[in-house]
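For reference, the structure discussed in these notes is given below.
Computed from heavy atoms alone, side chains included, the values below leave out hydrogens, waters and symmetry copies. Keep in mind it's a predicted model, so treat the numbers as computed, not measured.
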Amino acid sequence: MVSGNLIARNTTRGSILADRIDTASGLWRRFIGLMGRRSVPAGTGLWLTSTNGIHMMFMRVPIDAVFLGHPDALGSRTVLSVHRGLRPWVGLVPLVRHADGVLELPAGAAIASGTVVGDMVVLEAGPDEAPSRGQ
């Protein structure tokens, strides 16, 4: 997975869910998600915008899915649902009412960060990546 440009910070727990999160905002990119990846390294993830459901078809590895609500005035989002250790090929995850997006993370990330329903999460810009040499 390429390094992402977002950090997911659980402000309730003072923990980080992931610090290299890519964004999938288009319909096709959200559908593809993490499909076909052989691994989801620790600290990485994918933010699927404007969605309240995901599927596990064609997935090769288990993931955690953290569904978030709409941002408040300060940009914090309430954790509406946490699905830990979703197995590959199991199908659809039930739709989460009022969700405005979902973080797909390596299995174990939700437990490691202490994230539970009701916590507040902020998605913030990560540090800019340094340009590679020769550019």
Side-chain angles (χ1 to χ4, degrees):
M1 175 179 293
V2 297
S3 295
N5 58 357
L6 292 177
I7 298 170
R9 186 178 311 276
N10 182 328
T11 57
T12 304
R13 309 280 168 205
S15 61
I16 302 289
L17 287 119
D19 59 5
R20 295 179 312 277
I21 300 173
D22 290 327
T23 301
S25 55
L27 180 61
W28 179 249
R29 183 67 180 107
R30 285 193 313 261
F31 172 75
I32 294 298
L34 297 175
M35 253 193 276
R37 304 276 171 106
R38 293 183 190 271
S39 69
V40 183
T44 66
L46 184 64
W47 168 237
L48 286 82
T49 64
S50 304
T51 191
N52 65 348
I54 61 171
H55 67 87
M56 293 297 292
M57 302 307 293
F58 305 104
M59 292 289 289
R60 293 180 168 189
V61 296
I63 63 168
D64 286 353
V66 178
F67 289 83
L68 303 177
H70 292 272
D72 65 15
L74 300 175
S76 293
R77 295 171 179 265
T78 303
V79 175
L80 301 177
S81 184
V82 178
H83 296 265
R84 295 181 188 98
L86 291 169
R87 296 178 321 203
W89 286 96
V90 174
L92 297 174
V93 173
L95 298 179
V96 176
R97 189 177 181 121
H98 304 297
D100 184 47
V102 60
L103 287 167
E104 291 186 340
L105 304 165
I111 289 174
S113 64
T115 301
V116 296
V117 171
D119 284 358
M120 300 303 288
V121 170
V122 174
L123 300 171
E124 54 193 39
D128 291 333
E129 293 181 24
S132 37
R133 293 182 184 208
Q135 286 187 337

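The structure places CG of Leu6 at 12.5 Å from CG of Leu17, a figure rounded to the nearest 0.5 Å. The CG atom of Asp22 lies 11.5 Å from the CD atom of Glu104; values are rounded to the nearest 0.5 Å.
At least one side-chain heavy atom of Leu86 sits under 4.5 Å from a side-chain heavy atom of Ile54. Side-chain contact between Leu46 and Val40: absent, with no pair of heavy atoms (C-beta onward) separated by less than 4.5 Å.
If you chain together hydrophobic residues whose side chains sit under 4.5 Å apart, Val122 and Trp47 never meet in one group. Hydrophobic clustering, with ILVMFWY side chains joined whenever heavy atoms are under 4.5 angstrom apart, groups Val61 together with Val102. No continuous path of ILVMFWY side-chain contacts below 4.5 Å connects Leu123 to Ile7, so the two sit in separate hydrophobic clusters.
In this view, Arg60 satisfies the salt bridge (charged side-chain N to carboxylate O under 4.0 Å, His left out) rule with no residue, not counting sequence neighbours. A search for side chain to side chain donor-acceptor pair (under 3.5 Å) contacts involving Asp119 returns Asn10, Arg13, not counting sequence neighbours.
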List, one per line, each side-chain donor-acceptor pair under 3.5 Å for residues 64-83, sequence neighbours excluded.
| unit_1 | atom_1 | unit_2 | atom_2 | d |
| --- | --- | --- | --- | --- |
| Asp64 | OD1 | Gly85 | N | 2.7 |
| Asp64 | OD1 | Gly108 | N | 3.4 |
| Asp64 | OD2 | Gly108 | N | 3.0 |
| Asp64 | OD2 | Ala109 | N | 3.0 |
| Asp64 | OD2 | Ala110 | N | 2.9 |
| Asp72 | OD1 | Leu74 | N | 2.9 |
| Asp72 | OD1 | Gly75 | N | 3.0 |
| Asp72 | OD1 | Ser76 | N | 2.9 |
| Arg77 | NH1 | Gly69 | O | 3.0 |
| Arg77 | NH1 | Asp100 | OD2 | 2.9 |
| Ser81 | OG | His83 | NE2 | 3.0 |

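Of the possible donor and acceptor atoms, one in the side chain of Arg20 sits under 3.5 Å from a partner among the backbone N and O of Ala42. Looking only at distances, a side-chain donor or acceptor of Thr12 sits under 3.5 Å from a matching main-chain atom of Met120.
Here the closest heavy-atom approach between residue Leu105 and residue Ala18 is recorded as CD2-CB, 3.8 Å. Counting all heavy atoms, side chain and backbone alike, Ser113 lies closest to Ser15 at O-OG, 2.7 Å.
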**Item:** Trace of the side chain to side chain contact (heavy atoms under 4.5 Å, CB included) decision for Trp89 with Met57
**Value:** CA-CA 4 Å; Trp89 286 96; Met57 302 307 293; 3.5 Å; yes

